[in-house]
Amino acid sequence: MDKKFMAILALVILVVIILCVAFSGVFTDNDYTTSVSNDENVLVLGFDPNFPPYGYKDDNGEYIGFDLDLAQEVCNRNNWTLVKQPIDWNSKDSELNSGTIDCIWNGFTINGREDDYTWSKPYVDNKQVIVVKKTSNISSLGDLKNKNVETQEDSSALYALEDNETLTSTFKDLVQVTDYNTAFMDLDCGAADAIAMDMGVAKYQIHNKKNSGDYKILDEQISSEQYGIGFKKGNTQLRDKVQKTLDEMAADGTIDKIASKYEDYGVPESVSLGKNNTTNNTTIGE
């Protein structure tokens, strides 16, 4: 083959390689790109960016939510910089154990994971519920027999259903989807008969839909659970600093004030930290 042609071909291949490297990040999902320098004055918070009202992206592309607001106030009071780091929820443990993030703070369920992390006190009492079309003939959990039920993969609702084999064994099918937007589209088109999800997320999703009147949340609940902040196992030093600040925020009314911003999604009545019940007497420890 002509040497001149070979030289041109090699040059073209080299240019293509350089361009691929230079633009490799352009077509990736930047929501899950971590490039932050972590130190003792920075709190890197790992969260699912598709879990409103606790953590999500608003119409302006900003990350907001009840948990993110709480974290921002904690950082303000400790003179820390908050880094809101969206993560692939299925990779949360590797992100935490590698030190890429300092904590998982995003509607993170304690129940069933008690020994897997160093936990804060529970700060929200949450419920797992079923959403159906208002025109359906489903009014109780018993009516889900032979129905197609959807829930988000690796979600608290999924774990709650898996723990209730008596219920799930009656379903025609239990389908896991990547996010609840997909589940609602399936519900609208009839591919799903019901969606299992967190109460706060259900209220948020319904509230923000143009056809919000088309849905209903069943009165009968699947289960209840508690949300906490998960730190790497053994990281009691950071956990204690964050918890001390949260306790102060509960005592001076700041947590309730932040929760009131999300009143339409049932957050204020779910807040448990600082309330007079046994849940909030939980002792911090391993």
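FYI, the numbering just counts along the sequence from 1.
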Q.
For a ring pair (Phe, Tyr, Trp, His ring centres under 6.0 Å) check, start with the C-alpha distance between Tyr56 and Phe47, then their side-chain angles and the critical distance, and finish with the verdict.
A. CA-CA 9 Å; Tyr56 59 103; Phe47 71 103; 9.6 Å; no
Q | Intermediate values then yes/no, side-chain contact (heavy atoms from CB on, under 4.5 Å), Val42 and Trp80 | A | CA-CA 5 Å; Val42 175; Trp80 296 339; over 6 Å; no
Q | side chain to side chain donor-acceptor pair (under 3.5 Å) between Ser94 and Asn97, intermediate numbers included | A | CA-CA 5 Å; Ser94 61; Asn97 292 328; over 6 Å; no
Q.
side-chain contact (heavy atoms from CB on, under 4.5 Å), that's the test. Do Glu269 and Glu263 meet it? Break it down for me.
A. CA-CA 8 Å; Glu269 58 263 37; Glu263 185 173 2; 5.6 Å; no
Q: I would like to know whether Val124 and Phe66 meet side-chain contact (heavy atoms from CB on, under 4.5 Å); could you show each step before the answer?
A: CA-CA 11 Å; Val124 163; Phe66 176 60; 4.0 Å; yes
Q: Test Ile258 against Met249 for side-chain contact (heavy atoms from CB on, under 4.5 Å), laying out the working first.
A: CA-CA 10 Å; Ile258 293 174; Met249 290 165 56; 4.3 Å; yes
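Glu220 has no carboxylate O lying under 4.0 Å from a charged side-chain N of Lys127, or vice versa, which leaves the two without a salt bridge. Lys233 and Asp115 are not joined by a salt bridge, as no carboxylate oxygen comes within less than 4.0 angstrom of a charged side-chain nitrogen. Of the charged side-chain nitrogens involved, none lies within less than 4.0 Å of a carboxylate oxygen, so that Lys203 and Asp198 do not count as a salt-bridged pair. Under 4.0 Å is where a charged nitrogen must lie from a carboxylate oxygen, and between Lys84 and Asp67 no such pair does. Between Asp69 and Lys261 a salt bridge is recorded (basic side-chain N to carboxylate O distance below 4.0 Å).
Side chain of Ser212 to main chain of His207: no donor-acceptor pair is present (N/O by atom type, distance under 3.5 Å, no hydrogens or angles). The closest donor-acceptor contact from the side chain of Asp125 to the backbone of Ser270 lies at 3.5 Å or more, if one exists at all. Of the possible donor and acceptor atoms, none in the side chain of Lys92 sits under 3.5 Å from a partner among the backbone N and O of Ile104. Between the side chain of Asp179 and the backbone N or O of Asn181 there is at least one donor-acceptor pair closer than 3.5 Å.
With rounding to the nearest 0.5 angstrom, the CD1 atom of Ile195 is 4.5 Å from the CG atom of Leu187. Note that CG of Asp59 and NZ of Lys57 are 11.5 Å apart. Values are rounded to the nearest 0.5 Å. Summarising the geometry, atom CG belonging to Leu273 is positioned 5.5 Å from atom CG belonging to Asp247; distances are rounded to the nearest 0.5 Å. Atom CG in Asp163 sits 9.5 Å away from atom CG in Leu158 (nearest 0.5 Å). Atoms OG1 and CD1, on Thr100 and Ile87 in that order, are 10.0 Å from each other to the nearest 0.5 Å. Note that the CG atom of Asn50 and the OG1 atom of Thr182 stand 9.5 Å from one another [nearest 0.5 Å].
The cationic atom of Lys209 (NZ for Lys, CZ for Arg) lies less than 6.0 Å from the six-membered ring centre of Phe184 and within 45° of the ring axis.
By the criterion of side-chain heavy atoms lying less than 4.5 angstrom apart, applied directly or through intervening Ile, Leu, Val, Met, Phe, Trp or Tyr residues, Tyr262 is grouped together with Met199 in one hydrophobic cluster. Under a hydrophobic clustering in which Ile, Leu, Val, Met, Phe, Trp and Tyr are joined whenever their side-chain heavy atoms come within less than 4.5 Å, directly or via other members, Leu218 and Ile206 fall into different clusters. Leu174 and Leu141 fall within a single hydrophobic cluster, where Ile, Leu, Val, Met, Phe, Trp and Tyr side chains are chained together by heavy-atom contacts under 4.5 Å. Leu70 and Tyr63 fall within the same hydrophobic cluster, where Ile, Leu, Val, Met, Phe, Trp and Tyr residues are linked whenever their side-chain heavy atoms come under 4.5 Å apart, directly or through other members. Val177 and Phe51 are not part of a single hydrophobic cluster, where members link through side-chain heavy atoms under 4.5 Å apart.
For the pair Leu45 and Ile101, the minimum side-chain heavy-atom distance is 4.5 Å or more. Using a 4.5 Å heavy-atom threshold, the side chains of Pro53 and Val267 count as touching. For the pair Met197 and Val131, the minimum side-chain heavy-atom distance is below 4.5 Å. When side chains are defined from C-beta on, Gln152 counts as touching Asp48, because their heavy atoms get closer than 4.5 Å. Between Asp102 and Phe231, every side-chain heavy-atom pair lies at or beyond the 4.5 Å cut-off. Between Ile217 and Ile130 the shortest side-chain heavy-atom distance does not fall below 4.5 Å. By the 4.5 Å heavy-atom criterion applied to side chains, Lys172 and Lys145 are not counted as neighbours. Contact annotation: the side chain of Tyr204 never approaches that of Asp264 to less than 4.5 Å [non-hydrogen atoms, C-beta and beyond].
The two atoms that bring Gly55 and Asn106 nearest to each other are N-ND2, 3.3 Å, heavy atoms only. Considering every non-hydrogen atom in both Gly107 and Tyr54, the closest pair reads N-CB, 4.2 Å. Annotation for Pro268 and Ala259: closest pair CG-O, 3.4 Å, computed over non-hydrogen atoms. Smallest separation of non-hydrogen atoms from Ile222 and Val129: CD1-O, 3.9 Å. Contact between Ile138 and Asp193 at its shortest, heavy atoms only, is CD1-O, 3.8 Å. Here the closest non-hydrogen pair linking Cys75 and Leu82 is SG-CB, 3.6 Å.
For Asn78 and Thr245, the side-chain atoms include at least one donor-acceptor pair closer than 3.5 Å. Between Arg113 and Ser156, the side chains place no donor N or O within less than 3.5 Å of an acceptor N or O (distance only, hydrogens not considered). Between the side chains of Tyr227 and Asn126, a donor-acceptor pair is found at a separation under 3.5 Å. Counted by atom type alone, Asn111 and Thr109 present zero donor-acceptor pairs between their side chains at under 3.5 Å. At a cut-off of 3.5 Å, with distance as the only test, a side-chain donor of Asp143 or Ser139 sits close to an acceptor on the other residue.
Aromatic ring centres of Phe108 and Trp89 lie closer together than 6.0 Å.
Within a 6.0 Å radius of CG in Asp58, more than 12 heavy atoms belonging to other residues, nucleotides or ligands are found. No more than 12 heavy atoms of other residues, nucleotides or ligands shown are found within 6.0 angstrom of CD on Glu165. For Gln221, the CD atom counts as densely surrounded, since its 6.0 Å shell holds more than 12 non-hydrogen atoms of other residues, nucleotides or ligands.
Between Tyr123 and Trp105, the ring-plane angle classifies as perpendicular under the 30° and 60° cut-offs. Between Trp119 and Tyr117, the ring planes lie perpendicular to each other; the angle is over 60°, past the 30° to 60° tilted range.
With sequence neighbours left out, the side chain to side chain contact (heavy atoms under 4.5 Å, CB included) criterion links Ala157 to Gln128, Thr151, Ser155, Tyr180, Ala196.
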